[in-house]
Amino acid sequence: MNNMTDYILYSDGGSRGNPGPAGIGFVLNHGFVKSCDGGAPIGEATNNVAEYKALIWGLENALALNITQLEARADSELMVKQLKGEYKVKNAALKPLFLDALNLSKQFEVCKFVHIPREENEEADALANEAMDALEEVGSPIVSYRTADSLFDFESGEESEEEYEPFTVDEPQTCGFEQGDEKAEALVEDEATQSFTAVGAAVDSNAIEEAQTLVSTGIYTLTVKDHFDAAHLLYDYPGECRNLHGHTWDIEVSVESSQLCELGMVYDFALLKKDLKSVLNRYDHKYLNEIEPFDEISPTAENLARIIFEELSQVITQPEVSITEVAVWESPIAKLTYRVV
């Protein structure tokens, strides 16, 4: 599972005229590496509508990369506070967009909304402005911007800051998706649209569930093989192997994941080979009994497989990728496998 702080989404939207010609932009980073970004013109819209559409587009791209934990940052304090449950959503144009963003956020294991200063969001803002100037999509998004609005679109209208009413409860509010669907309905507050949005949320949820059935939930397994030559003897072994002798050990390693990275891979074959080689180099053309921990435990195939497994676990730190087994071949017809159950 990926670390939440490893994946950060920046989104921004703006309008020239409010309402007026509008654009949206997002940047999705994995640590210090950009996973994807995008900017798109969205026609006539208000600032707040543009902010929501930028966030929704960014969330769609994060889901397309199979990201499970995400920190979504935006400089729209009002949007962030709505999604965190601190402000109600009263403006008709924002209600369906709020529900869209909320439903998308539920598809992550964790989705944290964070307000940031405008100066920390310059790259997403620049993409939004570039798209407005070019009147076309810019950047390198995984999922292109959908010009169609939410299924539950309303007539656009600018909302003033006064239309956001803080909740007056004693305990701090958390994100609606952490509290259940009832919170989403409570946030979309006026009675005339409340039943409508409740139906909308159900339809949206069904659409999401139907789409998810099309996505494979299987496990990918990746296996590589390498070898090393070394000498050893087995302590207290009642046979010839108690004497010094040598082997060419073939080591087979398998890793697995239910997720693919942004390149469509479980884990790069070349990288896994390099990781395995870095572990085996410690033993190659050596006398194993002089190397920890085999100076204290017998360097049997069983112990060798377990120690290599543990050492590789320290090398392969990609959270969503796990080592499933290490196999040691002492000869072309003799194989021992170690796995964690």
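Computed from a predicted structure; not experimentally measured. One is the number of the first residue; the rest follow in order along the sequence.
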Does the pair [X]/[Y] count as a salt bridge with the N-to-O cut at 4.0 Å?
X: Glu77; Y: Lys81; value: yes
X: Arg16; Y: Asp133; value: yes
X: Glu311; Y: Arg282; value: yes
X: Arg306; Y: Glu302; value: no
X: Arg242; Y: Glu240; value: no

Contact check, side chains of [X] and [Y], non-hydrogen atoms, under 4.5 Å:
X: Val315; Y: Thr317; answer: no
X: Leu336; Y: Thr300; answer: no
X: Leu70; Y: Leu28; answer: yes
X: Thr324; Y: Val255; answer: no
X: Lys34; Y: Glu123; answer: yes
X: Leu97; Y: Lys53; answer: yes

For Glu119, I'd like to know if atom CD has over 12 heavy atoms of other residues, nucleotides or ligands within 6.0 Å.
yes

For the side chain of [X] and the backbone of [Y], is there at least one donor-acceptor N/O pair under 3.5 Å apart?
X: Glu137; Y: Gly38; answer: no
X: His285; Y: Tyr283; answer: no
X: Asn289; Y: Asp295; answer: no
X: Ser257; Y: Glu320; answer: yes
X: Ser298; Y: Tyr235; answer: yes

Checking side chain to side chain contact (heavy atoms under 4.5 Å, CB included) for the pair Val266/Leu260: CA distance, chi angles, key distance, verdict?
CA-CA 5 Å; Val266 174; Leu260 302 181; 3.8 Å; yes

Centroid-centroid under 6.0 Å between His232 and Trp249 rings:
yes

Hey, any chance [X] and [Y] share a hydrophobic cluster, counting ILVMFWY side chains that come within less than 4.5 Å of each other, even indirectly?
X: Ile291; Y: Ile308; answer: yes
X: Ile307; Y: Ile316; answer: yes
X: Ile251; Y: Trp329; answer: no
X: Tyr287; Y: Leu304; answer: no
X: Ile297; Y: Leu234; answer: no

As an exercise, state the distance from [atom1] of [X] to [atom2] of [Y], rounded to the nearest 0.5 Å.
X: Asp226; Y: Lys277; atom1: CG; atom2: NZ; answer: 3.5 Å
X: Asp75; Y: Met79; atom1: CG; atom2: CE; answer: 8.0 Å
X: Ser254; Y: Ile323; atom1: OG; atom2: CD1; answer: 10.0 Å
X: Leu127; Y: Ser11; atom1: CG; atom2: OG; answer: 11.5 Å
X: Glu51; Y: Ser15; atom1: CD; atom2: OG; answer: 11.0 Å
X: Leu63; Y: Ser105; atom1: CG; atom2: OG; answer: 9.5 Å

For the pair Glu330 and Lys335, evaluate salt bridge (Lys or Arg N to Asp or Glu O under 4.0 Å) and give the outcome as yes or no after the intermediate values.
CA-CA 6 Å; Glu330 280 201 344; Lys335 170 186 173 182; over 6 Å; no

Do Cys111 and Leu59 pass the side chain to side chain contact (heavy atoms under 4.5 Å, CB included) test, and can you show the C-alpha distance, the side-chain angles, and the key distance before you say yes or no?
CA-CA 9 Å; Cys111 184; Leu59 293 174; 4.1 Å; yes

Phe228 and its side chain to side chain contact (heavy atoms under 4.5 Å, CB included) partner, picked from Val279, Asp250, Thr248, Leu280
Leu280

Restricting to non-hydrogen atoms, name the atom on [X] and the atom on [Y] that form the minimum distance, rounded to 0.1 Å.
X: Leu135; Y: Pro41; answer: C-CG, 3.6 Å
X: Leu55; Y: Ala72; answer: CD1-CB, 4.1 Å
X: Asn121; Y: Ala74; answer: ND2-CA, 4.4 Å
X: Pro96; Y: Ala92; answer: CD-O, 3.2 Å
X: Phe108; Y: Thr68; answer: CB-O, 3.4 Å
X: Ala54; Y: Asp12; answer: CB-O, 3.2 Å

Stepwise side chain to side chain contact (heavy atoms under 4.5 Å, CB included) check, Glu252 with Thr223:
CA-CA 7 Å; Glu252 190 176 286; Thr223 302; 3.5 Å; yes

ring-ring contact (aromatic ring centres under 6.0 Å, His included) with Phe26: of Trp57, Tyr52, Tyr10, only one passes, and it is Trp57

Please tabulate, for side-chain N and O atoms in residues 269-276, each donor-acceptor pair with protein atoms closer than 3.5 Å (sequence neighbours left out).
| from | atom 1 | to | atom 2 | distance (Å) |
| --- | --- | --- | --- | --- |
| Asp275 | OD2 | Tyr267 | OH | 2.6 |

Full working for side chain to side chain contact (heavy atoms under 4.5 Å, CB included) between Ser140 and Asp37:
CA-CA 5 Å; Ser140 302; Asp37 63 3; 4.0 Å; yes

Run the ring-ring contact (aromatic ring centres under 6.0 Å, His included) test against Tyr338 and tell me which residues pass, sequence neighbours left out.
Phe309

